[in-house]
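Notes follow the structure.
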Amino acid sequence: MAIHKKVQSTIFSLIFSFCFLVLFSCQDAQKDKQESRAEIEQRDEREKVVIPASFTAAKAQQMGHQLDSIFTYLHKRKGFNGTVLVTKYDQVIYKGAFGYSDFTGKDTLNTKTAFQLASVSKQFTAMAIMMLKEQGKLQYDDSVQQYIPNFPYNGVTIRHLLTHRSGLSNYTYFSDELWPDRKVPITNEDVLDLMAEHQPPVYLQPDTRFNYSNTGYALLASIVTKASGMPFATFMQQHIFGPLKMKNTFTFSPDVATMTGKVATGHTGGRRKRWPDYLDTVLGDKGMYSTVDDLYKWDQALYTQQLVKRETLKEAFAGSRKDKKGDEDYGFGWRIKQVDNGDTVVYHAGLWHGYTTYLLRNPKDHSALIVLSNVPNGSLRYLKDVQQFMYPEQDKDAPTEAAKNKLAATQN
């Protein structure tokens, strides 16, 4: 009888312990779920912008009509061929497509047509590096040799690559001399092998001064591969393009040359077809394709913490010049300048094998100017006129928007 009671007691204790563990686990799971919800809410929380009373729906529509007149003029008189998207206070106020995706087939462009981004790709490569830094997989001041042991140049850091202060020679030039067969595509690994074997002379010692470098951003793509343990193109798709639902954004592959409709064909300034060559397979400095619609998603994501924290992104827009005497600066994949109305904007332009591109963001009024073209005929030089329209020089004697609002409040 005593043994029976003892068995009952043991079974009861086991049942009680099991129930307690289940309850405790459920509470933990609920807590984790709540924490993840909080993290998601914080990640997706948008950086807010105050929309002035003067920016009405009618004003937005008026600006859209004016922008259409400007780009129609550039298309008809200056030969602009491409797509455009313009925003103000996070709203799309103008979107348009002009000309042909392919002049041979007379395929018309639309805003879902993808273009080679050329050097506008650099901001995505920089973002990959920032994400890996937040994950603890690298530091900006790490030596390149930590990730690429046979890299033959001492003293070059990831930060030097990001800010174009490495002093390295341009791979697009030394590959022309050192790559044996231009019919065979060259990869990022091949560029590293050429540097290790031939040690092309550097232009400058590291951190001497700013010297724009495609080589630096090709190296950053290789570092993303080494630090993440996956191919650069895979990392971009899984961690940036996919999460942001940029469905028409991708990196170069041989299939691009055979795609029609979805991808704009590159042309010369004289509108002759420009085919990809052996250098197109190097990624990081270029090699990404996207649409104006997808780049709008990218622009909007940078007002959230979906990819990196605000503090991390702030450093990308902070600039790296030491003298601060020039009109422009460079952050992590972004150029930085002041426009006519005094606002500081971040932007990048690109030119590569039949494509010319431009993306500008103004964090103050959450505006953006996105232009993609497949005819590099100089028509994008006239974007300065578009910027003057969007950010006109302020009359020093005219009251500011804040002063107008304050005056209106006192009169009510």
Side-chain angles (χ1 to χ4, degrees), residues 47 49 55 60 63-64 66-68 70-71 74 78 80 82-98 111 115-127 164 212 217 244 246 249 286 288 290-304 313-314 316-321 326-352 355-373 376 378-394:
E47 186 179 312
V49 61
F55 188 74
M63 288 186 71
Q66 290 171 298
L67 285 163
D68 186 62
I70 292 171
F71 280 100
L74 291 179
K78 303 299 179 182
F80 171 66
T83 57
V84 185
L85 189 146
V86 183
T87 70
K88 188 88 167 174
Y89 299 110
D90 292 321
Q91 302 173 37
V92 176
I93 60 171
Y94 180 68
K95 189 162 66 167
F98 301 86
T111 57
F115 292 73
Q116 156 79 264
L117 294 184
S119 286
V120 172
S121 303
K122 288 181 171 69
Q123 58 201 251
F124 292 95
T125 303
M127 176 57 77
H164 297 285
Y212 191 82
Y217 271 76
L244 298 186
M246 298 172 69
T249 303
K286 54 172 171 43
M288 297 179 201
S290 191
T291 68
V292 291
D293 287 332
D294 272 7
L295 290 174
Y296 171 57
K297 294 177 182 178
W298 163 249
D299 162 67
Q300 291 296 288
L302 297 180
Y303 292 117
T304 71
L313 194 59
K314 187 178 179 181
F317 299 148
S320 57
R321 290 183 66 107
D327 294 331
E328 294 202 5
D329 207 335
Y330 200 96
F332 295 170
W334 293 91
R335 293 183 182 272
I336 305 162
K337 69 176 181 180
Q338 197 173 70
V339 288
D340 289 346
N341 70 350
D343 292 351
T344 297
V345 301
V346 294
Y347 78 101
H348 218 294
L351 174 65
W352 181 257
Y355 301 90
T356 182
T357 56
Y358 192 84
L359 194 162
L360 177 146
R361 303 178 69 246
N362 184 348
K364 186 174 180 180
D365 65 2
H366 285 212
S367 61
L369 170 61
I370 306 168
V371 183
L372 306 176
S373 174
S379 58
L380 265 62
R381 289 198 306 266
Y382 300 94
L383 289 181
K384 65 179 185 296
D385 298 329
V386 181
Q387 289 179 45
Q388 287 169 356
F389 165 72
M390 291 180 66
Y391 313 113
E393 187 173 1
Q394 298 297 303

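This structure is a prediction, so every number in the text was calculated from the model and none was measured.
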Show your working on side chain to side chain donor-acceptor pair (under 3.5 Å) between T125 and K122 and close with a plain yes or no. CA-CA 5 Å; T125 303; K122 288 181 171 69; over 6 Å; no

Taking only residues two or more places apart in sequence or in another chain, which ones pass side chain to side chain donor-acceptor pair (under 3.5 Å) with S121? none

Considering residues at least two apart in sequence or located in another chain, which fulfil the ring pair (Phe, Tyr, Trp, His ring centres under 6.0 Å) criterion with Y94? none

The criterion is ring pair (Phe, Tyr, Trp, His ring centres under 6.0 Å); which residues satisfy it with W298, sequence neighbours excluded? F124

Please tabulate, one pair per line, all N/O donor-acceptor pairs under 3.5 Å involving side-chain atoms of residues 339-346, not counting sequence neighbours.
from, atom 1, to, atom 2, distance (Å)
N341, OD1, D343, N, 3.0
N341, ND2, D343, OD2, 3.1
D343, OD1, K364, NZ, 3.4
D343, OD2, N362, ND2, 3.0

Identify the residue among L85, T249, L244 that makes a side chain to side chain contact (heavy atoms under 4.5 Å, CB included) with D294. T249

Is any NZ, NE, NH1 or NH2 atom of the basic residue among D329 and R335 found under 4.0 Å from an Asp or Glu carboxylate oxygen of the other? no

T357 side chain to L117 backbone, donor-acceptor under 3.5 Å: yes

Return yes if a side-chain donor-acceptor contact under 3.5 Å exists between T291 and D293, otherwise no. no

Applying ring pair (Phe, Tyr, Trp, His ring centres under 6.0 Å), can you list everything that pairs with H366, at least two apart in sequence or on another chain? Y303

Among Y217, W334, Y330, the one residue meeting ring-ring contact (aromatic ring centres under 6.0 Å, His included) with H348: Y330

Taking the six-membered ring for Trp and the single ring otherwise, decide whether the centroids of H164 and F332 are under 6.0 Å apart. no

Could you check whether Y347 and E328, counting side-chain N and O atoms only, form a donor-acceptor pair closer than 3.5 Å? yes

So, using ring pair (Phe, Tyr, Trp, His ring centres under 6.0 Å) as the criterion, who are the partners of Y391 when residues are at least two apart? none

